[in-house]
Amino acid sequence: RAAWDAWKAAEAERDTAADASAAARADETYLRDALDQLERLDPQADEEAALIAERSRLMNSEKLIEALNGAAETLTGQVPVDDALRTAQRQVERARDMAPDLIDPLLAAIERAAIEVEEARSQLEQAGAEVTGEPGRLETVDDRLFALRDAARKHRVEITALPVLRRDLADRLSMIEDQGDLIAKLDKRVAETAAAYRSAAGALSASRRAAARTMDAAVAQELQPLKLEKARFFTRIDELESDGWSRDGIDRVRFEVATNPGAQPGPIAKIASGGELSRFTLALKMVLSRTGEAPTLIFDEVDSGIGGATAAAVGERLGRLGDGRQILVVTHSPQVAARGSHHWRVMKAAAGDGAVTEVSELDADARREEIARMLAGHDVTEEARAAARVLIAGGAA
């Protein structure tokens, strides 16, 4: 059973992985096309914001250029600011010897101003170049924005999520490529667990066949005392097709009997009569009780369809069973009842609109009287009572 469970668990895991792989492969073409498009598009983080800002600049380039040019003209007008600063520097330097502690900070400030003016001029030139840009740059930016927005709309994500989507698609394709190795490993595991089950089931089958031979021989020894000396009992074990295997192994086990000499054995339930079936069952119980651990066995009318010496033989076998465990027997046979150590009489009677079942424990006298009634019928005779005493004495012996 453990080997079967391991095998079926491995099959279920393999089948689940195979289904997932099949579903993924059904999307493989889409995944490859989508990833190829995103690879060519190559979206970058925060690219949209940068493009929008650039587009705004390019659309307002004329006004920006006008403002930048005005600022540049101011710095480089009839009296350029840097020239004015140098003139101011020379004028202040002439007075340095008269008050150096006052003049030196002024010279340093003028020097810083000159440097800042030069930096401002350089940035104005750079900004002008950027605003002017290459010809057709605005169209290029518009096209790029449109391509990014179209891809985002197609995949139902934000533009900022396109780089993440690109990685996800690549990961899914990688999983598809790795899935083949995984399924191969799972197939190997299925084969290993199936072999382990087959080995365990084969060992179980061999044990069953050995046990069946032992049990058949033991049952055969029980049949003669039960007046079935001409009957034969067989345990038939057939190996099933693989679709019939289960947690209990690869076998179908059936009890077969032949009740007449020369007759072919067949299923016990079809071949044996009611009385024969009861005795075969008792013979099996006798054999199995030697290895079973059940403390109590219950026989419900095991003497059905038999009487006389056969019923006495059944009673004797039940008595032997009772030597080692508790036996409860429901019986209509005086020969069987006489073997019991304790007796209860079970009677059903009408009560109003229903029925009442009454169970009464019998003492020694009541026990003898009941067995006599079972022998004689409605009118209990002294001969029946005497026969009851003989049966009870024989059972006690």
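Around atom CD of Glu13, no more than 12 heavy atoms belonging to other residues, nucleotides or ligands sit under 6.0 Å away. In this structure, Glu158 places its CD atom where only 12 or fewer heavy-atom neighbours from other residues, nucleotides or ligands lie under 6.0 Å away. Within a 6.0 Å sphere centred on CD of Gln224, other residues, nucleotides and ligands contribute 12 heavy atoms or fewer. Around atom CG of Asp46, no more than 12 heavy atoms belonging to other residues, nucleotides or ligands sit under 6.0 Å away. Atom CD of Glu229 has more than 12 heavy atoms from other residues, nucleotides or ligands within 6.0 Å.
Between Arg339 and Glu316 there is no salt bridge, since no side-chain nitrogen of the basic residue lies less than 4.0 Å from a carboxylate oxygen of the acidic one. Residues Asp150 and Arg153 are paired through a salt bridge, judged by an N-O separation under 4.0 Å between the basic side chain and the carboxylate. A salt bridge does not link Arg189 with Asp187: none of the charged nitrogens is closer than 4.0 Å to a carboxylate oxygen. Classification of Asp36 and Arg40 as a salt-bridged pair holds, one side-chain N sitting under 4.0 Å from a carboxylate O.
Hydrophobic clustering (ILVMFWY, side-chain heavy atoms < 4.5 Å, transitive): Phe255 and Leu277 are in one cluster. Val287 is not connected to Leu282 by any chain of hydrophobic side-chain contacts under 4.5 Å among Ile, Leu, Val, Met, Phe, Trp and Tyr, and they are in different clusters. Two different hydrophobic clusters hold Phe234 and Val253 under the rule that ILVMFWY side chains link at heavy-atom gaps under 4.5 Å.
The closest donor-acceptor contact from the side chain of Arg209 to the backbone of Ile237 lies under 3.5 Å. Side-chain N or O atoms of Arg279 include one that pairs as donor or acceptor with a backbone N or O of Leu226 at under 3.5 Å.
In terms of heavy-atom proximity, Ala384 sits nearest to Leu375 at O-CD1, 3.9 Å. Nearest heavy atoms, Ala388 versus Ala372: CB-N, 3.7 Å. Between Ala170 and Leu35 the shortest heavy-atom distance is CA-CD2, 3.9 Å. Minimum interatomic distance between Ser360 and Glu358 (heavy atoms only, all atoms of both residues): OG-OE2, 3.2 Å. Between Ala258 and Ala263 the shortest heavy-atom distance is CB-O, 3.6 Å. Leu240 approaches Asp251 most closely through the heavy-atom pair CD1-O, 3.7 Å.
Looking at Met286 and Leu321, their side chains come closer than 4.5 Å, going by heavy atoms from C-beta outward. Side-chain contact between Thr235 and Glu256: absent, with no pair of heavy atoms (C-beta onward) separated by less than 4.5 Å. Counting heavy atoms from C-beta outward, Val336 and Leu318 have side chains that approach closer than 4.5 Å. Val330 places none of its side-chain heavy atoms less than 4.5 Å from the side chain of Phe299. Within the 4.5 Å cutoff, the side chain of Leu284 has heavy atoms near those of the Met215 side chain. Residues Glu370 and Arg373 are in side-chain contact: their nearest non-hydrogen atoms beyond the backbone lie under 4.5 Å apart.
Residues Gln44 and Asp42 have side chains that bring a donor and an acceptor to within less than 3.5 angstrom of each other.
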Does Ser333 form a side-chain hydrogen bond (donor to acceptor under 3.5 Å, both in side chains) with Gln335? I'd like the steps, not just the answer.
CA-CA 5 Å; Ser333 169; Gln335 291 90 343; 3.1 Å; yes
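A side chain to side chain donor-acceptor pair (under 3.5 Å) with Gln37 is found for exactly one of Arg166, His155, Lys154, namely Lys154.
Below 30°, between 30° and 60°, or above 60°: for Trp4 and Trp7 the angle between ring planes is above 60°, a perpendicular geometry.
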